[in-house]
Amino acid sequence: MKIVRFIPTPDGGSQFVEADIPIDNAATDAFGHLIHRSEVLPAQSTMLSEMPKGMNQDWHPASRRQLVIVLSGTVEVETSDGSKKRWSGGQMFLADDVGSRGHCTRTIDGPARVLFVHLPPDLVIG
């Protein structure tokens with residue numbers, strides 16, 4: 001499963017890259033469906049957040065490595081190279097630019113509800 005990740009750059013900025021989380025652990029469920037799963041990914045904690053309509057956060061790094069799952073609304077992230085990406089309900093990304101200049105975050109067309117899954121700093125993804 002490919003997801004977008006934003007990471008620090010050597011000059012202290014941030015950029016988008018693609019990460020691949022393998023989902024090659026297959027098992028048949030009780031109804032005969034073949035389900036593909038990733039390995040278990042450890043999480044330290046989770047947090048739900050409602051970002052208000054019109055939110056515009058200036059440059060900031062992720063406070064920790066976190067998988068961000070947008071439950072509703074639309075979230076836009078801009079990296080220091082000027083690239084922008086948007087995620088809506090049901091989509092996710094990995095905020096992984098800890099220690100950099102960071103990124104800008106905005107809500108588009110109303111509030112956004114988001115689930116943050118805080119990941120261990122040493123977890124290898126992609």
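All values derive from a computational prediction rather than experimental measurement. Just the heavy atoms: all of them, side chains too, but no hydrogens, waters or symmetry mates, feed the values below.
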>> Treating His118 as the side-chain partner and Phe116 as the backbone partner, does any N or O pair qualify as donor plus acceptor under 3.5 Å?
In response: no

> Are Ile125 and Val40 in one and the same hydrophobic cluster, where Ile, Leu, Val, Met, Phe, Trp and Tyr link if side-chain heavy atoms are under 4.5 Å apart?
Replying inline: no

> For the atom pair OG1 (Thr9) and CZ (Arg101), what is the distance rounded to the nearest 0.5 Å?
Replying inline: 9.5 Å

>> Is there a continuous path of hydrophobic side-chain contacts, each under 4.5 Å between heavy atoms, that joins Ile35 to Leu41?
In response: no

>> Could you check whether any side-chain N or O of Arg5 sits under 3.5 Å from a backbone N or O of Asp96, counting only pairs where one atom can act as donor and the other as acceptor?
In response: no

> Distance-only, no hydrogens or angles: does the Asp11 side chain make a donor-acceptor pair with backbone N or O of Gly13 under 3.5 Å?
Replying inline: yes

> Going hydrophobic residue to hydrophobic residue with side-chain gaps under 4.5 angstrom, can you get from Leu67 over to Met1?
Replying inline: yes

>> Less than 4.5 Å apart, side chain to side chain, heavy atoms only: is that true for Leu48 and Leu71?
In response: yes

>> Main chain of Ser100, side chain of Asp97: is a donor-acceptor contact present, judged purely on distance under 3.5 Å?
In response: no

> Salt bridge or not for Arg106 and Glu78, using N-O below 4.0 Å?
Replying inline: yes

>> Would the distance check show the side chain of Thr107 and the main-chain N or O of Met55 forming a donor-acceptor pair, the cut-off being under 3.5 Å?
In response: yes

> Same cluster for Met51 and Val68 if Ile/Leu/Val/Met/Phe/Trp/Tyr side chains link at under 4.5 Å?
Replying inline: yes

>> Using the rule that Ile, Leu, Val, Met, Phe, Trp and Tyr join whenever any side-chain heavy atoms are under 4.5 Å apart, tell me whether Ile21 and Leu94 fall into a single cluster.
In response: yes

> Can a cation-pi geometry be assigned to Lys85 and Phe93, taking NZ or CZ under 6.0 Å from the six-membered ring centre and within 45° of the ring axis?
Replying inline: no

> Under 3.5 Å, is there a donor-acceptor pair between the Ser14 and His103 side chains?
Replying inline: no

>> Check the orientation of His33 and Phe31. Use parallel for under 30°, tilted for 30 to 60°, and perpendicular for over 60°.
In response: tilted

